[in-house]
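Every heavy atom of this structure was used, including side-chain atoms; hydrogens, water molecules and symmetry mates were not. Note that the coordinates shown come from a computational prediction; the quantities given were computed from them, not determined experimentally.
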Amino acid sequence: MAFLEIQNLEVFYGKACSLHNVSLAVEKGEIIGIIGPNGAGKSTLLDSIIGLTHCRGEILFEGTNLRELSPTEIVRRGIAYASEARNLFSYMGVKDNLLIGAYRAKANKDRNLQMVYDLFPILAKRGNQEAKTLSGGEQQMLSLGRALMSNPRMLLVDEPTIGLAPLVCKEIAQVLKNLNEEKGITIVITEQNVNFALTLSKEIYLLETGTIKMKGRPEELKQETYIQETYFGS
């Protein structure tokens, strides 16, 4: 059984179907990319994994159906979520925002805080600065750092490059790669930035209008005419 296995997932908002018959598998230690346009259902998929939607189907993490657990219990199982919205406490300092993320790993909060500062040195310099005064890139780093404070074994990252400069995107890509290769964290990324996802991921799922249209390894999908025409304009 896969580390994370989703089977026939469906999510409705009223009568509107956001996800339909979505199935995917994530092996332990992999980086998986979920690409697709805005409104494809990518955020809804991650929201469902962490327990924030009413859905049908199965979401199995190490064999346990996450649909039977609350978001807090899911985090305790070892899944962390850095959402597109970031959901920072705007008027709190950087350090305090990070410490909030350590509520399920209080015994390791000092070690984890140092780890985050090592990954994102700018956050150490901004320790007492209010989150709302940070740049977009710094806020994204803070969102990722707060998720890491919980000692996750799986990290869900929603649109990490949206609105960010290329140099910041490159820095975040390197951090995610290091987390996967050096700390063994399994990562699921959603992205409109197809190049970012293709560069990092072992396997890619194309999600459009709430359904999986295509899946494969990056080198395979790069050769697909539909991907080239739709996402690279060639």
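Here the side chain of Q223 pairs no donor or acceptor atom with the backbone of E220 at under 3.5 angstrom. A donor-acceptor contact shorter than 3.5 Å links the side chain of N180 to the backbone of I185. Looking at S23, its side chain does come within 3.5 Å of a backbone N or O of N8 through a donor-acceptor pair. For E191 (side chain) and N193 (main-chain N/O), a donor-acceptor pair under 3.5 Å exists by modelled atom type. Using a distance-only test at 3.5 Å, with no hydrogens or angles considered, no donor-acceptor pair links the side chain of D96 to the main chain of M92. With hydrogens and angles disregarded, a donor-acceptor distance shorter than 3.5 Å links the side chain of Q139 to the backbone of A131. The backbone N or O of V94 sits nowhere less than 3.5 Å from a side-chain atom of R146 that would complete a donor-acceptor pair. Panel note: side chain S201, backbone G33; a donor-acceptor pair is recorded below 3.5 Å. A donor-acceptor pair under 3.5 Å is formed between the side chain of K42 and the backbone N or O of P37. A donor-acceptor pair under 3.5 Å is formed between the side chain of S150 and the backbone N or O of A147.
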Step by step, work out the side-chain contact (heavy atoms from CB on, under 4.5 Å) result for L206 and Y226. CA-CA 11 Å; L206 174 61; Y226 179 76; 3.8 Å; yes
ask   = F61 and I74: side-chain contact (heavy atoms from CB on, under 4.5 Å), yes or no, with the steps?
value = CA-CA 9 Å; F61 181 64; I74 292 170; over 6 Å; no
*Kindly determine whether L179 and L119 satisfy side-chain contact (heavy atoms from CB on, under 4.5 Å), including the steps that lead there.*
CA-CA 9 Å; L179 289 170; L119 290 169; 3.7 Å; yes
Report the C-alpha distance between I59 and L4 in whole Å, list the side-chain angles of each, state the deciding distance to 0.1 Å, and finish with yes or no for side-chain contact (heavy atoms from CB on, under 4.5 Å).
-> CA-CA 7 Å; I59 305 172; L4 175 72; 4.1 Å; yes
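Nearest heavy atoms, I204 versus A197: CD1-O, 3.7 Å. The heavy-atom pair separating A2 from A25 by the smallest distance is CB-CB, 3.9 Å. The two residues E27 and T186 come nearest to each other via the heavy atoms O-CG2, 3.7 Å. Of all heavy-atom pairs between E73 and E68, the closest is OE1-O, 4.5 Å. Between E10 and H20, the closest heavy-atom pair is OE2-ND1, 2.8 Å. Closest approach of N112 and M149 over heavy atoms only: ND2-O, 3.3 Å.
A distance of 9.0 Å separates CD in E171 from CD1 in I122, rounded to the nearest 0.5 Å. With values rounded to the nearest 0.5 angstrom, L198 atom CG is found 13.5 Å from R217 atom CZ. The structure places CD of Q140 at 9.0 Å from CG of L88, a figure rounded to the nearest 0.5 Å. To the nearest 0.5 Å, the span separating OH on Y205 from OG1 on T190 amounts to 15.0 Å. Rounding to the nearest 0.5 Å places CG of L123 at 7.0 Å from CE of M141. To the nearest 0.5 Å, the span separating CG on L221 from CD on Q228 amounts to 10.5 Å.
For OH of Y91, the number of neighbouring non-hydrogen atoms (other residues, nucleotides, ligands) closer than 6.0 Å is 12 at most. Counting non-hydrogen atoms of neighbouring residues, nucleotides and ligands closer than 6.0 angstrom, the CZ atom of R77 reaches no more than 12 such neighbours. A 6.0 Å sphere centred on NZ of K132 holds more than 12 heavy atoms belonging to other residues, nucleotides or ligands.
T53 and D47 share no donor-acceptor pair across their side chains, judged by distance under 3.5 Å alone. Donor-acceptor pairing under 3.5 Å is recorded for the side chains of Q7 and E5. No side-chain donor from either of E159 and S43 sits under 3.5 Å from a side-chain acceptor of the other. Side-chain N/O atoms of Q114 and D110 include no donor and acceptor closer than 3.5 Å.
Counting only heavy atoms from C-beta outward, the side chains of E84 and I162 approach each other to under 4.5 Å. Contact check for I189 versus L200: side-chain heavy atoms found under the 4.5 Å cut-off. Side-chain contact check for Y81 versus P152: every heavy-atom pair is 4.5 Å or farther apart. Put simply, the side chain of I31 does not reach to within 4.5 Å of the side chain of K202, judged on heavy atoms. Annotation: side chain of L60 is not in contact with side chain of L66 (no heavy-atom distance under 4.5 Å). Contact annotation: the side chain of L148 never approaches that of K183 to less than 4.5 Å [non-hydrogen atoms, C-beta and beyond]. By the 4.5 Å heavy-atom criterion applied to side chains, L24 and K215 are not counted as neighbours.
A salt bridge links R126 with E138: the closest approach of a Lys/Arg side-chain nitrogen to an acidic carboxylate oxygen falls below 4.0 angstrom. With respect to the salt-bridge test (charged N to carboxylate O, under 4.0 angstrom), the residues E208 and K213 do not qualify.
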